[in-house]
Amino acid sequence: MKNPEVARILYNIAIYMEMQGEMVFKVRAYEKAAQSVEALGEDVNEIYGKGGMKALEEIPGVGKSIAEKIEELLKTGKLKYYEALKKKIPVDVEGLRRIEGIGPKTILALYKKLKIKNIEDLEKAAKSGKIRTLEGFGQKSEENILKGIEFMKRSSGRYVLGHILPLGKEIEKRLASLEYVKTAIVAGSFRRRKETIGDIDILVVSGEPKKVMDYFVKMPEVINVYGKGETKSTVKLENGIDVDVRVVEEKSYGAALNYFTGSKDHNISLRRIAVEKGLKLSEYGLFKKQKFVGGRTEEEVYKILGLRYIEPEIRENTGEIEASKKGALPKLIGYSDLKGDLQTQTSWTDGSDTIEEMALAAKKTGLEYIAITDHTKALAMTGGLDESKIAKQGKEIDKVNEKLEGIKILKGAEVNIMKDGHLDISDKALSQLDIVGAAVHSNFNLSREDQTKRIISAISNEHVDILFHPTGRIIQKREPYDADIQKIIDAAKDTGTVLEIDAYPDRLDLKDEHVKLAVSSGAKLCIDSDAHNKNHFRFLEFGIAQARRGWAEKKDVINALPLGKMLKMIKGE
DNA sequence: GCCGTTTTCGGCCCGACTGTTTTCAGTCG
């Protein structure tokens, strides 16, 4: 059993405990442990293999009791304690929890009163008007449940890229390491780094496709084989995602990779260009009549079609082909171009590691500077800092800066934009900070006009440098708040406020199309991990991918600049 | 259930919002 599965079970135990009215701190303990396991950089099996129970207990938030449960899971693949909970209340807690507004207590009430066990039951009950009759529920709750289900359905069947990427890369690596495999690469929307993906498409070059097929359908994660052919197979993995593998000859590699990377619309445009040139483009290559004229590499395919090479992230048929023809493609920001990270949280609020630990981890990922931007007081749940604590943290940062070399820590904060657009921290305190990020964390439901006004008013504060996660969406969970993004982008440009691409996998906010708007409007961007622990810096990759999908160049992104230049730019000329 | 140079016991993140209620439970962050 791998880390995500262990974490999942711990999360579910927490839900069950909360349902049963267990002490809130006990529930938190399980959630915390789950988070910790989820964020581990190392396979929990390896940790256990090397150091046994003792090593498990060294995982933050894991003590004797939870370590024993993890041990049982690793050894037997099951947990009696968890099985008993499931038997006692046989409800799909995980599924129901995914609907916004539904928590453990609601799940329990619905089960007790209406025997609702899963989302289908819930939808039926809501549609037939049964829920509004329950005590503690009303018409509004019923409507909200239906809305929640609708939203969930629209986003289901797809997986958040950040959740699937490690698995995709792992399978890619596994296939590539086989002696009879020349190349293995994940194509599809995965390679285009779309924020959500429907399935994993893998392209393999091998002279022995049969062997590849045999190996593939027998991988340990496979729970169902839809089809197994000579050169193509499709399976379902235990986590629910479908994976396709296709084997081609080496000379078709470029054409096949291009074909399987998509997008479909992009490919159609390419094929049309081929036809205009009297050629035929398929996954096997470019052909003139029956004769193979190219397709070994993608570069070759584009070249023969009279195009510059187009990076996968922008193959969406939204102007990239025209730009390529004209030689006007953007020079996309690179995956190793970032010099700093301007949004990170520490154990001062809802992060789990210290300032020093975060700084060291950032340094290890190759960054030169980070801003510590803990939450401020209006976000009480995180223990948000007030003015005096911000000052105190500043002194701590000074100390750590003195101690560390090769990484500079900036003083910052993630301040709350209140309902009327003012901030929850005084201007005087803000003026002491290097980086002030402002963010909306409440009143998501204002009218479009009010929300837009509120945000613009906040970023008009002279101390605000960055608008953090500008639209507030959570992928597959929460819609962005209603606001006029173009107006906000224009205001950002006017006030010299930087717009963030929050790289947290479930946020990716700004999203690609907004990035494109921002870039074309001339607003500046930054790409931040929003790290809540030291393993989260890897999220930056997803933020960069999103930036690339939005046609952002290095010059558009302020934290691709070295520290001095970045500060100069952010504080205005 | 976890954790500790202020603690091996007694703390542990709690305020805003929503929708249901007339004083609060549940959810979210």
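Being a predicted model, the structure only gives us computed values, none of them experimental. Numbered from 1 within each chain, the chains take letters A, B, ... in sequence-line order.
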Applying salt bridge (charged side-chain N to carboxylate O under 4.0 Å, His left out) as the test, list every pair that has at least one member in residues 480-504 of chain A; sequence neighbours left out.
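Those involving residues 480-504 of chain A are R448(A)-D482(A).
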Does any pair with a residue in residues 382-396 of chain A pass salt bridge (charged side-chain N to carboxylate O under 4.0 Å, His left out), and if so which ones, sequence neighbours excluded?
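Of all non-adjacent pairs touching residues 382-396 of chain A, those that pass salt bridge (charged side-chain N to carboxylate O under 4.0 Å, His left out) are K377(A)-E387(A).
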Do Y11(A) and E38(A) have side-chain atoms, one donor and one acceptor, less than 3.5 Å apart?
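Short answer, yes.
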Under a 3.5 Å cutoff, is there a donor and acceptor pairing between the side chains of H422(A) and N461(A)?
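No, no side-chain donor-acceptor pair sits under 3.5 Å.
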Which parts of residues 125-142 of chain A get close to DNA chain B, meaning a heavy atom less than 4.0 angstrom away?
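Contacts with DNA chain B under 4.0 Å: G136(A), F137(A), G138(A), Q139(A), K140(A), S141(A).
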Using a cut-off of strictly less than 4.0 Å between a heavy atom of the residue and any atom of DNA chain B, enumerate the qualifying residues of residues 42-64 of chain A by number.
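By residue number: P60(A), G61(A), V62(A), G63(A), K64(A).
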Salt bridge (charged side-chain N to carboxylate O under 4.0 Å, His left out) against R507(A), all qualifying residues, sequence neighbours excluded:
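So R507(A) forms a salt bridge (charged side-chain N to carboxylate O under 4.0 Å, His left out) with D530(A).
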Work out how far the P atom of dG11(B) is from that of dA16(B), and round it to whole angstrom.
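Looking at atom P only, dG11(B) and dA16(B) are 25 Å apart.
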Distance between the C1' atoms of dT21(B) and dC17(B), in whole angstroms?
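Those two atoms are separated by 14 Å.
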Run the salt-bridge test on D92(A) and R97(A) with the 4.0 Å N-O cut-off and return the result as yes or no.
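Judged by the 4.0 Å cut-off on N to carboxylate O distance, D92(A) and R97(A) do not form a salt bridge.
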For the side chain of [X], starting at C-beta, report the closest nucleotide among [options].
{"X": "N443(A)", "options": "dC28(B), dC17(B), dG1(B)", "value": "dC17(B)"}
{"X": "H441(A)", "options": "dG29(B), dG1(B), dG26(B)", "value": "dG29(B)"}
{"X": "R97(A)", "options": "dC28(B), dG1(B), dT27(B)", "value": "dC28(B)"}

Give me the ring orientation class for F542(A) and F539(A): parallel if the planes are under 30° apart, tilted from 30 to 60°, perpendicular past 60°.
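Tilted, since the angle between the ring planes falls between 30° and 60°.
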Residues in side-chain contact (heavy atoms from CB on, under 4.5 Å) with K113(A), at least two apart?
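With sequence neighbours excluded, K113(A) shows a side-chain contact (heavy atoms from CB on, under 4.5 Å) to L134(A), E135(A), given in chain and number order.
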